[in-house]
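Note sheet for the following structure.
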Amino acid sequence: MTSWHISVDSSQNLNRQAHPKKPSSVSVLQLNGSKEEGQLGDGSFEFLLRKGKFMLDSIVEQPLHSLNDFFDSNKLMLLEADIFSLLKALAHSGNWERALLFFEWVVLNLKSSNVKIDNQVVELMVRILGRESQHSIASKLLNVIPLEDYSLDVRAYTTILHVYSHTGKYKRAISVFERMKETGLSPTLVTYKVMLDVYGKMGRSWDKILGLLDEMRSNGLKFDEFICSTVISACGREGLLNEAKESFAKLKSQGYVPGTVTYNAMLQVFGKARIYSEALSILKEMEDNNCPADSVTCNELVAAYVRAGFYKEGATLIETMMCKGVMPNAVTYTTMINAYGKAGKEDQALKLFDKMKESRCVPNVCAYNAVLRMLGKKSRSEDFVT
DNA sequence: CTAGGGTTAG
């Protein structure tokens, strides 16, 4: 099972010669609970399991700041351990920070003995940070892990690309994506989705986006809601109206049935460009296709109304939303408050802000900023009391 | 229960 094993010191080899039938690595925690390898008979395996559990518990008990000292003083035992299982157990018990510190410690100690970490351990660490959405930490970690030394799987690569996308390192994402393909790995639908997002956020890359879509087609991948919404929102970001319309039509002609998210992205494209006829026809298409509207749909419509100066209509829409069971959220209220503020309707804005709190919608930073900016502009900050 | 999408921001 665990074919990889890191041998670091000679004492371990002596140990192995003395007991050649023992498992070659200490299984720290038997997560799946399977009774494998028939090693339970002589009791030594159980002992090793207990030892592993003990190691896990000891790490979890350590305060974060003294963890490195703990690792150093238990160096021999830890480097002999099944690092993969120990990492997995740490992450599984909600200790991703300890997992990270352990990983970094292992990297440091193995580097000094010129031993490479196993691919699977790197993949696991990437996955742990990805799941925790620790993008900037992952990004920093990737600066010290030479990726070209490892042959990671597609999923690890995809997570890494997502990390680069999320931390704005678009150029690096593109070069890692290219290198990944050179090593013979085939990108999955999700990989392509992340890359479409990278080009979309980087901007000025519409031809690249079309290129990726062609590549996907020739690899036999089917476009889904994720792919389509990403492409349309890329258009929205740069005001590519015709491109949005064309690709939307093309995708539909290929049998793709748009969902709420893609319709929302289309609404944003036309709403932002103030082309209300098109926005309304999108809305009509949604209704015709029985595609349910959600809070984002309503927020886009509210934004479209107030951009055109239709404050009453925007406010009424919020009421309608509530009647239909779609609760307005912080985005809805912030959009309206901003609009009132710009129009010099401070009283209306403050009334709405109160209503927001009454309806138990917790104001976020954007909402407070909208109110404060408005009051600051009017030099009426004395009216603002919590 | 392996990775992934859309909305506020003067």
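Note on naming: letters A, B, ... go to the chains in the order of the sequence lines (proteins, then strands), and numbering restarts at 1 for each one. Computed over heavy atoms, backbone and side chain alike; hydrogens, waters and symmetry mates excluded.
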Rounding to a whole Å, what distance do you find between [X]:[atom1] and [N]:[atom2]?
X	N	atom1	atom2	answer
Y164(A)	dA3(B)	OH	P	20 Å
L251(A)	dG6(B)	CG	P	17 Å
N264(A)	dG6(B)	CG	P	12 Å
Q268(A)	dT8(B)	CD	P	6 Å
K377(A)	dG10(B)	NZ	C1'	7 Å
I209(A)	dG5(B)	CD1	P	16 Å
N119(A)	dT2(B)	CG	C1'	17 Å
K272(A)	dG6(B)	NZ	C1'	12 Å

Side-chain donor or acceptor of [X] under 3.5 Å from a matching atom on the base of [N]?
X	N	answer
D224(A)	dG4(B)	yes
D294(A)	dG6(B)	yes
T191(A)	dA3(B)	no

Under 4.0 Å, counting only non-hydrogen atoms across every strand here, what does [X] touch: a base, just sugar-phosphate, or nothing?
X	value
N299(A)	base
N329(A)	nothing
R373(A)	sugar-phosphate
T188(A)	base

Query raised in the report: Checking K171(A) against Y164(A): charged group under 6.0 Å from the ring centre and within 45 degrees of the axis?
Result: no

Requested in this report: With the side chain of R131(A) defined as its heavy atoms from C-beta on, choose the nearest nucleotide among dG6(B), dT8(B), dA3(B).
Outcome: dA3(B)

**Report entry** With sequence neighbours excluded, residues passing ring pair (Phe, Tyr, Trp, His ring centres under 6.0 Å) with W105(A)
**Finding:** F71(A)

Report summary line: To the nearest 0.5 Å, atom CG of L76(A) lies from atom CD of E80(A) at 6.5 Å

Query raised in the report: Salt bridge between R217(A) and D214(A), side-chain N to carboxylate O under 4.0 Å?
Result: yes

Requested in this report: Considering only NZ, NE, NH1 and NH2 on the basic side and carboxylate oxygens on the acidic side, decide whether D347(A) and K351(A) come within less than 4.0 Å.
Outcome: no

